[in-house]
Amino acid sequence: MKKRLLSGIQPSGTIHLGNYFGAIKQFVEMQDEYDSFVFIADFHALTTIQDKEVLKSNILDVAMDYLACGLDPEKVCLFRQSSIPEVAELTWYFNCITTMPFLERATSYKDANQKAKDVTVGLFDYPILMASDILIQDADIVPVGADQKQHVEYARDIAQKFNNIYGETFKLPEVKIIKEVAIVPGIDGRKMSKSYKNTIPLFGTDEEIKKAVMSIVTDSKTPEESKDPEKCNIFSLHKLFLKGDELNNLRKRYIDGGLGYKESKDILLNEIINFISPMREKRKVYEKDEDRVIKILEEGASKVRIETEKKINFIRTQIGINI
Ligand code: TRP
């Protein structure tokens, strides 16, 4: 039997090349190996997004992004977290066995606190909600970015504590760190990240992508001068798209001189547009048919609901409120 994989994705707006090559690609590749459950973490998003129109469109956007990137609803159960309100119920049960000092050690909370933001109870409780997501589905394996590792460890600790108090109820999940196979540089050479505003959008218009590519920072060498490809931000991005001879030929042109940065950017722009064009076509189909996206999410939810209801009933029995 295949192991059960579960992961949540935040509906946090436009995705970029860094997201794709850093994580989404691997995520899509895992769908064959595991019995996969992927959900859009809209309950978690409420800790940061309080505009209903923004939240609604972000939810559909992230669903379309992942579908367009190759997540296959035939293989993966894709659903909204809020379609399974039992996770909120389970969060309460876990709240009642979790101490404040234990949660105060969570880096997500510490970070927010340090930035002197007003920390809501929801943000403080974030790791518990995440533990509920994971444990209610009996997940074997939880692929996440390194920043989420501690949260999966929380889920294990909470499962263990619950099992100790009420008897064997939850499986202990394993974390699988999605390593950033490629650190994708942004247009300023720092890691591509929304917070640095240096991204190249994955599903932007040609104009948006062009604007980003043309603003990639370079030194001021003339086209004739020899250039070091390994020190060039444009070249680092070429590496994502070109392999073998194609890459070597370009490398040689850098070293020999005669290739200007403008030309290198034009070539890169072409590579990007060619690469994303099939995904873009796929996304357009979903954009035109939002109902189909909603249906995919609904079907995903109905599949998980059957088991989740059984599980929550068992949990209620374990804690003594299922009379
Ligand atoms: N907190 C995760 C993130 O920000 C999203 C998430 C919510 C999640 N619940 C989860 C990931 C359960 C894995 C399992 O990326």
Side-chain angles (χ1 to χ4, degrees), residues 1-10 34-39 41-47 77 79-113 119-177 301 303-323:
M1 246 183 48
K2 283 187 184 173
K3 283 198 170 172
R4 179 170 294 191
L5 172 152
L6 172 117
S7 196
I9 36 184
Q10 286 267 14
Y34 297 96
D35 186 18
S36 298
F37 292 74
V38 175
F39 64 91
D42 51 359
F43 276 163
H44 276 110
L46 289 168
T47 60
C77 202
F79 60 101
R80 283 183 299 120
Q81 183 183 30
S82 58
S83 299
I84 310 296
E86 287 84 354
V87 292
E89 178 181 344
L90 183 56
T91 297
W92 179 251
Y93 303 152
F94 288 155
N95 279 341
C96 294
I97 62 164
T98 306
T99 67
M100 303 272 291
F102 179 72
L103 273 190
E104 279 162 4
R105 290 198 290 271
T107 44
S108 50
Y109 166 70
K110 284 203 277 194
D111 286 352
N113 224 3
V119 177
T120 60
V121 178
L123 184 69
F124 186 61
D125 212 22
Y126 188 109
I128 306 264
L129 178 59
M130 187 157 154
S132 305
D133 294 329
I134 298 170
L135 299 175
I136 205 167
Q137 309 291 357
D138 286 319
D140 295 299
I141 181 154
V142 184
V144 285
D147 62 319
Q148 297 292 319
K149 179 167 179 255
Q150 191 199 26
H151 289 149
V152 183
E153 286 159 1
Y154 265 88
R156 287 176 66 93
D157 289 345
I158 292 166
Q160 232 154 4
K161 185 158 188 189
F162 190 102
N163 289 349
N164 281 341
I165 298 174
Y166 294 113
E168 202 52 36
T169 309
F170 296 110
K171 209 182 242 184
L172 302 193
E174 301 285 338
V175 67
K176 182 181 170 81
I177 301 299
K303 272 189 235 156
V304 280
R305 202 169 280 132
I306 304 164
E307 279 189 55
T308 321
E309 275 172 12
K310 271 195 223 147
K311 185 82 188 178
I312 199 79
N313 264 321
F314 178 58
I315 297 164
R316 290 179 191 139
T317 307
Q318 291 291 76
I319 61 178
I321 58 172
N322 216 8
I323 299 180

So Y109 and L103, side-chain contact (heavy atoms from CB on, under 4.5 Å) or not? Walk me through it. CA-CA 8 Å; Y109 166 70; L103 273 190; over 6 Å; no
Hey, mind stepping through I97 and Y166 against side-chain contact (heavy atoms from CB on, under 4.5 Å) and telling me if it holds? CA-CA 11 Å; I97 62 164; Y166 294 113; 4.3 Å; yes
Please examine the side chains of I134 and L6, heavy atoms only from C-beta on, and report whether any two atoms are closer than 4.5 Å. yes
Answer yes or no: is there a side-chain heavy-atom contact under 4.5 Å between T98 and Y93? no
My understanding is that only one of K171, E174, K2, K176 makes a side chain to side chain contact (heavy atoms under 4.5 Å, CB included) with D140; could you say which? K171
Check: N164 and K161 side chains under 4.5 Å, non-hydrogen atoms: no
Between R105 and K110, is there a donor-acceptor pair closer than 3.5 Å when you use the side chain of the first and the backbone of the second? no
Which of these, K311, R4, K3, K310, sits in a salt bridge (charged side-chain N to carboxylate O under 4.0 Å, His left out) with D138? K311
Main chain of V175, side chain of K149: is a donor-acceptor contact present, judged purely on distance under 3.5 Å? no
Looking only at atom types and distance, does a side-chain atom of S132 sit under 3.5 Å from a main-chain N or O of M130, one as donor and one as acceptor? no
Close side-chain approach of D35 to L5, heavy-atom, < 4.5 Å: no
Would you please classify the geometry between the F79 ring and the F37 ring as parallel, tilted or perpendicular, with 30° and 60° separating the classes? perpendicular
Using modelled atom types only, decide if a donor and an acceptor are shared between the side chain of Q150 and the backbone of T107 within a distance under 3.5 Å. yes
With distance as the sole criterion, is a donor-acceptor pair present between the side chains of Q10 and H44 under 3.5 Å? no
Where do S7 and V144 land on the side-chain contact (heavy atoms from CB on, under 4.5 Å) test, with the steps shown first? CA-CA 7 Å; S7 196; V144 285; 4.2 Å; yes
Ring centroids only, cut at 6.0 angstrom: are Y154 and F102 within range, meaning strictly under it? yes
Got more than 12 heavy atoms from elsewhere within 6.0 Å of NZ, K303? yes
Check: Q81 and L129 side chains under 4.5 Å, non-hydrogen atoms: yes
Could you tell me the separation between the CD1 atom of I128 and the CG atom of N95, rounded to the nearest 0.5 Å? 5.5 Å
Check this for me, if you would: do R80 and D42 make a salt bridge, where the nitrogen-to-carboxylate-oxygen distance has to be below 4.0 angstrom? yes
Please find out if less than 6.0 Å separates the ring center of F170 from that of F94. yes
Say you draw a straight line from CD1 of I136 to CD of E89; how long is it, rounded to the nearest 0.5 Å? 7.5 Å
Over all heavy atoms of both residues, which pair between A159 and L172 is shortest? Give the atoms and the distance, please. CB-CD2, 3.5 Å
Within-4.5 Å side-chain heavy-atom neighbours: F39 and V304: no
Would you kindly say whether E86 and T308 are connected by a side-chain donor-acceptor distance under 3.5 Å? no
What is the minimum heavy-atom distance between S83 and R305, and which atoms define it? O-NH2, 3.3 Å
Do Q160 and N163 pass the side-chain contact (heavy atoms from CB on, under 4.5 Å) test, and can you show the C-alpha distance, the side-chain angles, and the key distance before you say yes or no? CA-CA 5 Å; Q160 232 154 4; N163 289 349; 5.7 Å; no
Check whether any side-chain heavy atom of L135 sits under 4.5 Å from a side-chain heavy atom of P173, and report yes or no. yes
